[in-house]
Amino acid sequence: MTLDPVAALQAALRAPTVNDGSGAETQAFAQLHEALREHFPLLHANLDLTPVGEHGLLFRWPGASAEKPVVLMAHQDVVPIAGVWTHDPFGGEIVDGVIHGRGTLDDKGQLVAICAAVEGLLADGFAPAYDVWLSFGSDEETTGAAARAAVEELRSQGVEPWFVLDEGGAVAFDAFPGVAAPIGVVGVAEKGTTDVRLKVTGDGGHSSTPRQNGPTARLARAITRLDRMSMPVGLPAPTVEMFERIAPYAARPMRPVLANAGRLAPALARLLTRLGPEPAALTRTTVAITTLEGSPAANVIASAASAGVNLRIMVGETVAEVVERLRAAIADKHVEIEVVRAGEPSPISPRDEAFSLVTDTIAAIFPEAVPAPYTVMAATDSRFFYEISDRVYRFAPFRMTAAQRATIHAADENIRVDDYLDGIRFYRRLIESL
């Protein structure tokens with residue numbers, strides 16, 4: 001069949017691959033895999049496929065040499081539907097040149113763009129200079145088990161990737177105050193993602209005879225203290241380099257400040273904390289209270305109350321250090337702090353020949369953008385690949401406005417058809433340039 005990359009993305013979006021453990025996801029992933037087989041027959045005929053994890057896919061495209069293998073990544077799963085959608089979240093509708101649906105940006109758009117680039121190159125008889133691996137996880141939004149399985153499979157075959165490219169960055173518009181040009185941000189590190197639980201136990205009972213400082217009151221006080229606490233601020237090396245690269249494109253009063261970000265890092269970090277939550281998150285570990293549990297009924301005093309806290313730990317810090325800061329801020333020995341899931345920040349990938357290959361490709365496909373490194377604030381499957389590669393980069397080759405970025409994990413996620421097609425051009429150019 002003739003390659004139709006837009007129809008392929010629509011078909012992928014119509015598979016509701018929410019990996020929630022309900023059992024329904026098995027059929028959804030089967031639907032997605034069938035859509036990939038239908039729309040990318042050359043890929044499936046010419047690449048070796050190894051299933052990994054529950055529904056993960058690991059393809060190998062043999063190149064002229066296995067000396068410097070490359071891994072291109074994306075994930076198949078999506079988060080549950082949230083909010084009120086203007087269009088069917090699993091409909092893949094196209095309206096006025098815009099594709100709507102859960103996963104257009106996170107992350108089926110990237111997955112299908114990779115497949116479309118490979119399919120087109122195969123149709124042209126192209127063979128890559130080096131082995132190209134395609135790693136498509138199936139539980140990135142939850143555990144990342146499929147990505148870890150892919151790492152183990154590659155390790156068992158002795159594969160040490162020259163570089164890995166996953167989601168995380170983008171051609172971001174309105175990314176930084178005072179900079180009109182879009183920034184082609186390439187993640188060279190990511191914050192650590194850690195979940196902790198605050199728990200307080202005590203005497204429960206009937207609501208008609210309450211006592212002071214019960215579990216819910218103590219928990220509420222602890223939450224308030226965490227909400228008011230201040231984490232240390234600073235600028236890691238990738239952020240300093242990003243500011244130096246975008247300085248010539250900033251508003252005139254800001255240019256000397258950004259150009260001298262290394263020397264002015266302490267003052268600049270403090271300034272960013274005042275510019276809103278997104279710039280502030282560039283400078284420090286963040287603490288978010290996410291879940292609460294207490295009494296099962298309105299007339300029952302809880303004997304135990306708990307809160308979930310999600311931490312995004314700054315590069316250069318550790319889980320243990322941050323937990324101790326939480327303990328000091330709460331200052332209540334009755335509040336237990338349990339680390340439910342610990343994720344340390346990633347190492348910082350080098351800005352060398354591999355990084356330049358990615359940024360040169362950005363410049364070729366998105367000439368309006370300023371390529372720059374940065375630290376990813378979310379978690380990606382690629383964090384596991386540091387076990388087998390020093391060069392792990394994160395860039396989704398799509399233009400994204402601030403409004404579009406706000407739809408990720410929210411309602412009305414969408415991508416322009418033209419921007420999606422440019423993403424395919426990016427992957428094609430990258431593979432040809434190896």
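Given the structure is predicted, the values throughout are model-derived calculations rather than measurements. Throughout, residue positions are numbered sequentially from 1 according to the sequence presented.
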TODO: Measure up the Phe176 and Phe243 rings against each other and bin them: parallel (under 30°), tilted (30 to 60°), perpendicular (over 60°).
DONE: tilted
TODO: Please lay out, stage by stage, how Asp106 and His409 fare under the test side chain to side chain donor-acceptor pair (under 3.5 Å).
DONE: CA-CA 8 Å; Asp106 184 21; His409 288 208; 2.9 Å; yes
TODO: Identify the heavy atoms of Pro161 and Ser389 that sit nearest to each other, and give their distance.
DONE: O-OG, 3.0 Å
TODO: May I ask you to test the Thr375-Glu190 pair for a side-chain heavy-atom distance under 4.5 Å?
DONE: no
Task: Main-chain N/O of Gln76 paired with Glu140 side-chain donor or acceptor, under 3.5 Å - done: no
Task: ring pair (Phe, Tyr, Trp, His ring centres under 6.0 Å) involving Phe385 - partner list, sequence neighbours excluded - done: none
Open item on the list: Within the structure provided, determine whether Pro69 and Tyr130 are in side-chain contact (heavy-atom separation under 4.5 Å).
Closed with: no
- [ ] Determine, stepwise, if the pair Thr407 / Asp412 fulfils side chain to side chain donor-acceptor pair (under 3.5 Å).
- [x] CA-CA 6 Å; Thr407 67; Asp412 285 341; over 6 Å; no
- [ ] Could you check Leu165 against Leu430 for side-chain contact (heavy atoms from CB on, under 4.5 Å), going step by step and ending with a plain yes or no?
- [x] CA-CA 11 Å; Leu165 185 63; Leu430 183 72; 3.8 Å; yes
TODO: Find out whether Ile337 and Ile330 are in side-chain contact, i.e. whether some heavy atom of one side chain is under 4.5 Å from a heavy atom of the other.
DONE: yes
Task: Distance-minimising heavy-atom pair for Met231 and Arg325 - done: SD-CD, 3.9 Å
- [ ] Supply the atom-to-atom distance Asp174 CG to Arg405 CZ, rounded to the nearest 0.5 angstrom.
- [x] 6.5 Å
TODO: Answer yes if the side chains of Thr380 and Glu167 hold a donor-acceptor pair under 3.5 Å, and no otherwise.
DONE: no
Task: Arg274 side chain vs Arg270 backbone, donor-acceptor pair below 3.5 Å - done: yes
- [ ] Mark yes when over 12 heavy atoms from residues, nucleotides or ligands other than Lys199 sit less than 6.0 Å from its NZ; otherwise mark no.
- [x] no
Open item on the list: Determine whether a donor-acceptor pair (N or O, by modelled atom type, separation under 3.5 Å) exists between the side chain of Glu119 and the backbone of Leu42.
Closed with: yes
- [ ] Would you sort out whether Leu47 and Leu134 count as a side-chain contact (heavy atoms from CB on, under 4.5 Å), showing the intermediate values?
- [x] CA-CA 9 Å; Leu47 274 63; Leu134 313 181; 3.8 Å; yes
Open item on the list: How long is the straight-line distance from CG of Leu235 back to CG of Leu282, given to the nearest 0.5 Å?
Closed with: 8.0 Å
Open item on the list: Test your reading of the model: is there a side-chain donor-acceptor pair from Glu160 to the backbone of Ile388, 3.5 Å cut-off?
Closed with: no
Task: Derivation and outcome, side-chain contact (heavy atoms from CB on, under 4.5 Å), residues Thr290 and Val309 - done: CA-CA 6 Å; Thr290 53; Val309 183; 6.0 Å; no
Open item on the list: Can you confirm whether Gln157 is buried at CD, in the sense that more than 12 heavy atoms of other residues, nucleotides or ligands lie under 6.0 Å from that atom?
Closed with: yes
Open item on the list: With a 3.5 Å distance limit and no angle check, can you tell me whether Arg394 reaches the backbone of Val186 through a side-chain donor-acceptor pair?
Closed with: no
TODO: Determine whether Thr104 and Phe398 make a side-chain contact, defined as any pair of heavy atoms from C-beta on separated by less than 4.5 Å.
DONE: no
Task: Side-chain donor or acceptor of Asp4 paired with backbone N/O of Ala7 under 3.5 Å - done: yes
Task: CD/Gln27: more than 12 non-hydrogen atoms of other groups inside 6.0 Å - done: no
Task: Shortest non-hydrogen separation from Gly56 to Ser138 and the atoms involved - done: N-OG, 3.3 Å
Task: Glu54, CD: over 12 other non-hydrogen atoms inside 6.0 angstrom - done: no
Open item on the list: Can you classify the ring geometry of Phe163 versus Tyr393 as parallel (below 30°), tilted (30 to 60°) or perpendicular (above 60°)?
Closed with: tilted
TODO: Please lay out, stage by stage, how Gln404 and Asn414 fare under the test side-chain contact (heavy atoms from CB on, under 4.5 Å).
DONE: CA-CA 7 Å; Gln404 283 176 305; Asn414 68 87; 3.2 Å; yes
Task: Nearest heavy atoms of Gly184 and Ala369, plus distance in Å - done: N-CB, 4.0 Å
Open item on the list: Could you check whether atom CD of Glu336 has more than 12 heavy atoms from other residues, nucleotides or ligands sitting under 6.0 Å from it?
Closed with: yes
- [ ] Compute both the distance and the angle, then confirm whether Arg148 meets the cation-pi test with Phe384: under 6.0 Å from the six-membered ring centre, within 45 degrees of the axis.
- [x] yes
Open item on the list: Do Glu244 and Val240 make a side-chain contact, defined as non-hydrogen atoms from C-beta onward lying under 4.5 Å apart?
Closed with: yes
TODO: Check whether any side-chain N or O of Arg102 sits under 3.5 Å from a backbone N or O of Ala410 as a donor-acceptor pair, and report yes or no.
DONE: yes
Task: Evaluation steps, salt bridge (Lys or Arg N to Asp or Glu O under 4.0 Å), between Asp166 and Arg383 - done: CA-CA 10 Å; Asp166 194 11; Arg383 67 191 186 275; over 6 Å; no
Open item on the list: As an exercise, state the distance from CG of Leu57 to OG1 of Thr50, rounded to the nearest 0.5 Å.
Closed with: 10.0 Å
Task: By ring pair (Phe, Tyr, Trp, His ring centres under 6.0 Å) - contacts of Tyr420 (at least two apart) - done: none
Open item on the list: Is the shortest side-chain heavy-atom distance between Trp61 and Asn46 below 4.5 Å?
Closed with: no
Task: Tyr386 side-chain N/O to Pro347 backbone N/O, donor-acceptor pair under 3.5 Å - done: yes
- [ ] Check whether the side chains of Asn19 and Glu141 place a donor and an acceptor atom closer than 3.5 Å, and report yes or no.
- [x] no
Open item on the list: Contact between Ile313 and Val319 at the side-chain level, heavy atoms closer than 4.5 Å - yes or no?
Closed with: yes
Task: From Val112, Ile99, Asp88, residue fulfilling side-chain contact (heavy atoms from CB on, under 4.5 Å) relative to Leu13 - done: Ile99
Open item on the list: Please check this pair: side chain of Glu317 against backbone of Glu344, looking for a donor-acceptor N/O pair closer than 3.5 Å.
Closed with: no
Task: Gap separating the OG1 atom of Thr401 from the CZ atom of Phe173, nearest 0.5 angstrom - done: 8.5 Å
Open item on the list: Arg341 and side chain to side chain donor-acceptor pair (under 3.5 Å): which single residue from Thr143, Asp195, Asn310, Thr194 fits?
Closed with: Asp195
Open item on the list: I want to check something: taking the side chain as every heavy atom from C-beta on, are Val132 and Tyr427 in contact at a cut-off of under 4.5 Å?
Closed with: no
TODO: State whether the number of non-hydrogen atoms from other residues, nucleotides or ligands found under 6.0 Å of Arg225 atom CZ is greater than 12.
DONE: yes
- [ ] Supply the atom-to-atom distance Ile362 CD1 to Arg429 CZ, rounded to the nearest 0.5 angstrom.
- [x] 12.5 Å
Open item on the list: Looking at every non-hydrogen atom in both residues, tell me the closest pair between Ala302 and Gly294 and how far apart they are.
Closed with: CB-C, 3.9 Å
Task: Sidechain-backbone polar pair: Lys191 side chain, Ser346 backbone, donor-acceptor under 3.5 Å - done: no
Task: Centroid-centroid under 6.0 Å between Phe395 and Phe426 rings - done: yes
Task: Glu25 to Asp20 - nearest heavy-atom pair and separation - done: OE1-OD1, 3.4 Å
TODO: To the nearest 0.5 angstrom, please state how far the CZ atom of Arg428 sits from the CG atom of Asp422.
DONE: 13.5 Å
